[in-house]
Amino acid sequence: MLVGPTAAGKSGLAAALVRRYAAAGRQAEIVNADSMLVYRGMDIGTAKPSEAERAEIPHHMVDLLDVDENATVAEFQLLARHAIEDCRARFVIPIVVGGSALYVRAIVDDFEFPGTDPAVRARLEQELATQGAEHLHQRLSAADPVAAARILPGNARRVIRALEVIELTGRSFSAVLPEYRYRLADVVQIGIAVDRPTLDMRIATRVEAMWAAGFVEEVRRLDSAGLRGSLTASRALGYRQVLRYLDGEINEAQAQDLTIIGTRKFARRQESWFRKDARIRWLPYDHPELVSAAYALAGPTGTGAVPDALAPAAEMKD
RNA sequence: GGCAGGUUGCCCGAGCGGCCAAAGGGAGCGGUCUGUAAAAUCGUCGGCUGAAGCCUACGUUGGUUCGAAUCCAACACCUGCCA
């Protein structure tokens with residue numbers, strides 16, 4: 001699978017890899033692990049692979065939801081794992097490509113998400129609104145001191161989820177992330193590394209190109225399709241800023257600037273997530289033989305495993 | 001040309017004689033993260049230093065004062081009203 005910050009060139013490399021596998025007589029397909037690509041209609045702002053590309057190469061986990069629906073990790077995890085299994089059952093190499101670290105880990109690592117309940121959730125939200133975050137955190141302290149100690153009082157979102165889980169399961173809420181151990185077999189993670197000045201430039205260029213491609217119109221269209229009704233979709237980078245512009249809160253130039261800045265910050269967060277995962281093999285974005293290098297890491301079967309006949313490359317095995 | 005106001009750290013912006021390296025916000029940098037993750041959240045934030053401390057800093061130059069970002073004068077630039 002391919003990871004890395006936004007605008008690093010993951011999609012391009014993924015497509016090149018698929019073609020490389022095709023040339024070697026192996027079929028490969030792409031499984032998206034990017035939280036916003038699941039929305040139909042959110043195309044320009046998410047730099048979604050084009051129609052042509054998707055006609056050439058099958059993409060899974062793209063265009064599953066309408067913009068007025070909420071996305072959740074748990075559902076994504078389930079569907080993405082199905083997609084991967086489905087590929088493997090057909091002897092197709094699944095190439096997972098994504099920049100949403102939690103989504104990526106939810107797919108390949110041992111993540112189990114306790115259920116959710118809209119009613120419980122709504123009540124807790126209500127409690128937050130009327131009594132404040134501090135109060136909720138105190139309640140959590142009483143119910144589960146360990147979890148409370150690990151979650152800062154100001155982080156109401158996490159406090160609510162912890163209380164929800166405790167209430168639904170009756171068990172304490174483990175606020176600890178699982179270890180970095182693959183749950184899926186034969187995973188190779190490849191990261192694309194880009195130095196900051198270059199990445200920042202690419203982000204600015206990409207955002208400007210989005211605008212030139214009619215991004216504002218896209219958002220206007222999705223707005224009337226109910227974009228604001230989705231907690232998740234309406235918060236997407238760029239979309240959120242353009243909505244503010246459409247509301248007259250800021251001007252168009254500001255919306256664009258804020259999108260660039262927001263994307264840059266997002267890229268930093270992505271980096272900090274991926275940086276921690278020691279399993280990722282990093283390749284520089286400007287590697288002269290990037291595709292070959294990635295192919296060598298992934299191996300001819302996409303599993304990192306190298307047949308004995310190709311022994312010299314064996315140390316590439318992850 | 002006359003009158004009034006302004007010039008603060010990377011940016012915006014408060015301060016109006018000592019408690020000011022200077023509130024607050026933004027950017028930057030670093031961290032946290034299990035059902036909103038393109039989200040949420042915390043810290044840090046002039047330089048040197050572990051610290052005490054020192055240096056540089058509130059348009060410029062001079063002055064008043066024990067002491068000035070804060071008061072005075074001149075100059076520069078910007079803004080508003082009258083022409």
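Lettering follows sequence order; numbering is per chain, from 1.
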(request) Can you tell me, in whole Å, how much space there is between the C1' of B:C12 and that of B:G6? (result) 15 Å
(request) Give the rounded distance in Å between these two atoms: CZ of A:R150 and C1' of B:U41. (result) 15 Å
(message) Does this structure show an ion pair linking A:K48 with A:D63, if we count only N-O contacts that are shorter than 4.0 Å?
(response) yes
(message) I'd like to know if the side chain of A:H60 pairs up with that of A:E29 as donor and acceptor (distance under 3.5 Å, no hydrogens or angles considered).
(response) yes
(request) Could you tell me the separation between the CG atom of A:L128 and the P atom of B:U36, rounded to a whole number of Å? (result) 14 Å
(request) Mind checking A:T46 for me? I need base, sugar-phosphate or nothing, with any heavy atom below 4.0 Å counting as a touch. (result) base
(message) For a quick test of reading the model: is some side-chain N or O of A:R240 closer than 4.0 Å to OP1 or OP2 of B:A40?
(response) yes
(message) Could you identify the nucleotide paired to B:A74, looking across every strand shown and requiring Watson-Crick or G-U wobble geometry with both distances under 3.5 Å?
(response) B:U60
(request) Remember a base hit wins even if backbone is also touched, and classify A:E112 as base, sugar-phosphate or nothing at under 4.0 Å, heavy atoms. (result) base
(request) Could you please name the option among B:U36, B:G35, B:G30 that lies closest to any side-chain atom of A:T116? (result) B:G35
(request) Classify the side-chain pair A:T116/A:E164 by whether it contains a donor and acceptor separated by less than 3.5 Å. (result) yes
(request) From the options B:U36, B:G31, B:G35, select the nucleotide whose nearest atom is closest to the side chain of A:V73. (result) B:G35
(message) Taking B:A76 as the reference, what is the distance to B:G43 when you measure between their P atoms (whole Å, please)?
(response) 47 Å
(request) Sticking with atom C1', work out how far B:U70 lies from B:G63, rounded to a whole angstrom. (result) 15 Å
(request) Identify which nucleotide among B:A39, B:A37, B:U41 has an atom closest to any side-chain atom of A:L237, counting heavy atoms from C-beta outward. (result) B:A39
(message) Counting only side-chain heavy atoms from C-beta out, which of B:G35, B:A37, B:C33 sits nearest to A:A74?
(response) B:G35
(message) When the P atoms of B:A68 and B:C58 are compared, how many Å lie between them, rounded to an integer?
(response) 13 Å
(request) Run the salt-bridge test on A:R121 and A:D117 with the 4.0 Å N-O cut-off and return the result as yes or no. (result) no
(request) Could you check which of B:G35, B:A39, B:U36 has an atom nearest any side-chain atom of A:T232? (result) B:U36
(request) Could you please name the option among B:U36, B:C33, B:U41 that lies closest to any side-chain atom of A:L231? (result) B:U36
(request) Starting at atom CD of A:E271, determine the distance to atom C1' of B:C29, rounded to an integer number of angstrom. (result) 12 Å
(request) Using only side-chain N and O atoms of A:R161, determine if any of them is under 4.0 Å from OP1 or OP2 of B:G35. (result) yes
(request) Under 4.0 Å between any heavy atoms, over every strand shown, what does A:Y103 touch: base, sugar-phosphate, or nothing? Just pick one. (result) sugar-phosphate
(request) For A:D200 and for A:G99, locate the closest nucleotide of RNA chain B by heavy-atom distance; then report the residue assigned to the nucleotide nearer the 5' terminus. (result) A:D200
(message) Under 6.0 Å from the ring centre and within 45 degrees of the ring axis: does the NZ or CZ of A:R20 meet both conditions for the six-membered ring of A:Y295?
(response) yes
(request) Return yes when atom CD of A:Q131 has more than 12 non-hydrogen atoms of other residues, nucleotides or ligands closer than 6.0 Å, and no otherwise. (result) yes
(request) Could you tell me the separation between the CZ atom of A:R196 and the P atom of B:G30, rounded to a whole number of Å? (result) 4 Å
(request) Give the rounded distance in Å between these two atoms: NE2 of A:H137 and P of B:A40. (result) 19 Å
(request) Please check the phosphate of B:A39 (OP1 and OP2 only) for any side-chain N or O of A:R269 closer than 4.0 Å. (result) yes
(message) Using the side-chain heavy atoms of A:K265, tell me which of these nucleotides is nearest: B:C33, B:C29, B:A27.
(response) B:A27
(message) Looking at A:E217 and A:R220, is there a salt bridge between them, counting it only when a charged N and a carboxylate O are closer than 4.0 Å?
(response) yes
(message) Any side-chain N or O of A:R157 below 4.0 angstrom from OP1/OP2 of B:G35?
(response) no
(request) Measure from the side-chain heavy atoms of A:M36 and tell me the nearest of B:C33, B:A40, B:A37. (result) B:A37
(message) Taking B:G46 as the reference, what is the distance to B:A51 when you measure between their P atoms (whole Å, please)?
(response) 14 Å
(message) Can you identify which nucleotide, out of B:C33, B:A27, B:A40, has its nearest atom closest to the A:R264 side chain?
(response) B:A27
(request) Please measure how far the C1' atom in B:G9 lies from the corresponding atom in B:C45, and state the result in whole Å. (result) 11 Å
(message) Give me the distance, rounded to whole Å, that separates B:G47 from B:A57 when you measure between the P atoms they each carry.
(response) 15 Å
(request) Identify whether any heavy atom of A:Q241 sits under 4.0 Å from a base atom; if not, whether one sits that close to sugar-phosphate; answer base, sugar-phosphate or nothing. (result) nothing
(message) Could you identify the nucleotide paired to B:C10, looking across every strand shown and requiring Watson-Crick or G-U wobble geometry with both distances under 3.5 Å?
(response) B:G26
(request) Kindly say if A:K276 contacts the phosphate of B:C33, meaning a side-chain N or O under 4.0 Å from OP1 or OP2. (result) yes
(request) Establish, with yes or no, whether the OP1 or OP2 oxygen of B:G30 is under 4.0 angstrom from a side-chain nitrogen or oxygen of A:R268. (result) no
(message) Looking at A:R121, I'd like to know whether one of its side-chain N or O atoms comes within less than 4.0 Å of OP1 or OP2 on B:G35.
(response) no
(request) In whole angstrom, give me the gap between the P atoms of B:A21 and B:U56. (result) 14 Å
(request) Give one of base, sugar-phosphate or nothing for A:A71, where a contact means two heavy atoms less than 4.0 Å apart. (result) sugar-phosphate
(request) Using distance alone, with no hydrogens and no angle criterion, decide if A:R235 and A:S230 have a side-chain donor and acceptor under 3.5 Å apart. (result) no
(message) Taking any heavy-atom pair under 4.0 Å as a contact, classify A:G262: base, sugar-phosphate, or nothing.
(response) nothing
(message) Counting the atoms with a prime plus P, OP1 and OP2 as sugar-phosphate, which does A:G45 contact under 4.0 Å by heavy atoms, base, sugar-phosphate, or nothing?
(response) base
(request) Measure from the side-chain heavy atoms of A:W273 and tell me the nearest of B:G35, B:C29, B:C33. (result) B:C33
(message) How many whole angstroms separate atom CZ of A:F173 from atom P of B:C33?
(response) 11 Å
